[in-house]
Amino acid sequence: MRFSSYIGVIALALGLTACVDDTQSSAAPSADAVALQAHLEFLASDDLEGRDTGSRGHEIAAKYIATEFKSLGLEPAGDDGTYFQRIKFRRSFLEENSASFTLDTGDGKVELEYPKQFLTGPSPYSEQDDVEAPLVFVGYGLVSDAFGIDDYAGLDVEGKIVVMVTGRPESLPSEEGAHLNSSKTKFAAERGAVGIINLHTPAREEVRPFEVSIMYQRAPSVRWLHPNGEPNVAFKNIAASAYVHHEAAQQLFVNAPVKLDAIFAQLEAGESPQGFDLGVTARLQRESRHEEITSPNVAAVLPGSDENLKDEYVLYTAHSDHIGVTKDLSQDDHINNGAMDNASGVSVMLETARMFTEAGQQPKRSIMFLSVTAEERGLLGADYFAHHPTVPLGQIVANVNLDMPVLLYDFADVIAFGSTHSTLGDSVSRAAGQFGIELSDDPMPEQAIFTRSDHYPFVKKGVPAVFLMTGFTSKTEGEDGGEVWGTFFAEHYHRPSDQPDLPINYEAGVTFTNINYAIGQEISNQVERPRWLEESFFSQLD
Ligand SMILES: [Zn+2]
């Protein structure tokens with residue numbers, strides 16, 4: 001799982017809308033707590049050294065998953081008759097001391113200080129970038145017909161560097177807002193911009209201080225390579241980028257018709273600021289270094305039984321990678337085991353696969369099980385598969401994603417991301433209802449979770465998807481599910497302590513697995529394939 005920010009306090013916003021149904025089939029197989037535990041303890045063991053993309057530890061995890069698939073009798077669905085889809089990646093590093101940001105206000109030149117006043121990442125495409133262009137402020141930098149937003153209206157950004165505030169208006173609904181927020185680069189590139197400057201804001205400072213961004217700055221950027229060796233860079237014309245501290249950013253607005261303090265006041269008041277020419281130019285320079293690594297997805301198929309439907313697939317995904325070994329030497333334990341993130345999701349997928357193979361009846365549609373790599377580097381293994389699928393993408397009728405189920409409490413509800421946008425919602429509520437589990441609304445829309453896991457590259461390609469997270473209520477009296485979840489997130493998420501010695505509730509894991517199995521079972525056997533609801537924003541993606 002990838003989160004952009006740290007949440008200290010989690011507000012509970014529970015809207016219980018479950019549709020309880022008692023059509024549970026008596027012959028349904030059940031997940032096994034010991035099997036879940038065995039998978040998790042192996043995948044999250046120190047020997048696998050945090051399963052970083054391209055590492056030996058992750059290779060061993062991938063081999064373990066392929067071995068399990070084989071022993072279950074599943075067919076290989078990777079490359080060349082194997083379970084593996086091996087992907088080439090380019091890792092890019094920013095050369096030390098190469099980043100510079102020079103502002104020309106007309107009255108003189110100002111150098112911004114790296115990394116105290118601005119940050120930049122490496123270029124995945126070129127080794128040397130040197131861009132000089134006028135700056136144009138574009139508010140949030142969003143465009144949406146559906147919501148009547150065009151922050152670029154009346155502005156010419158062709159050949160210019162756009163300056164935007166980070167985030168999105170709070171008035172946008174969770175999943176749509178998350179999608180639009182992640183499309184900002186696309187909006188700028190399509191209008192001919194040559195660079196993007198994001199502004200840190202005082203509000204952002206309270207959630208995620210600029211200092212924290214400086215710490216994460218050292219991580220390399222990773223992109224997958226097409227089979228011809230070209231990096232998957234969608235918007236090559238964007239050759240400069242920077243993230244500027246809100247105080248240093250005042251200097252960008254010295255000639256502006258509206259000063260930055262007034263812009264921040266507008267944001268504070270819930271208004272979306274209008275764009276304008278900033279009347280200054282900037283020169284952004286950097287040098288980048290590239291290296292190549294490889295890492296595998298692992299894919300297997302249980303063939304469907306129905307003559308007409310077996311060419312259609314229900315796709316389960318779970319990422320097998322994690323973030324590897326920490327460089328923080330102040331701690332004794334350096335291995336980020338990723339027990340919840342995402343050894344737990346892979347374990348759930350392996351148990352789901354066993355249940356399908358051992359159920360008395362074969363599903364009508366085929367079921368594909370896919371463990372993806374490089375989720376932590378930007379959903380890359382899933383994105384590669386969505387671009388280079390091993391079965392025709394149009395025959396994948398739905399994606400059920402498993403990522404970071406927090407199996408630390410006896411959850412009474414689940415949050416089903418994506419479920420309100422397609423006919424999958426009905427399957428999810430029936431499946432959860434069989435086990436007495438309610439469906440709740442997203443309690444943390446600001447986290448934009450819908451865009452932060454492996455279903456999202458499939459959603460962008462038009463595949464209906466659902467992604468379940470354990471909810472914030474508990475069946476155990478006196479236990480506050482939201483608090484357990486929040487404590488996990490604050491103290492263990494992406495840290496060495498996310499390891500098998502957490503008080504893992506494997507019985508909760510059984511329930512979680514049974515629900516996800518029941519969802520796939522429903523989808524694979526229903527007559528009509530799932531579809532986006534007509535009124536859904538995601539039915540109209542280009
Ligand atoms: Zn993660």
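Both counts, for ligands and for their atoms, begin at 1 and track the order of listing.
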Heteroatom of E376 nearest to the Zn ion (ligand 1) (N, O or S, atom name): OE2
I would like to know whether R51 and E375 meet salt bridge (charged side-chain N to carboxylate O under 4.0 Å, His left out); could you show each step before the answer? CA-CA 11 Å; R51 308 185 305 279; E375 188 272 351; over 6 Å; no
Establish, yes or no, whether the cationic atom of R289 lies under 6.0 Å from the six-membered ring centre of F93 and within 45° of the ring axis. yes
May I ask you to check whether H322 brings an N, O or S atom to under 2.8 Å from the Zn ion (ligand 1)? no
Taking 2.8 Å as the cut-off, does D341 contribute an N, O or S atom near the Zn ion (ligand 1), distance below it? yes
Hey, are D52 and R377 close enough for a salt bridge, meaning a charged N less than 4.0 Å from a carboxylate O? yes
Name of the residue among T470, V484, N505, T473 meeting side-chain contact (heavy atoms from CB on, under 4.5 Å) with D410: N505
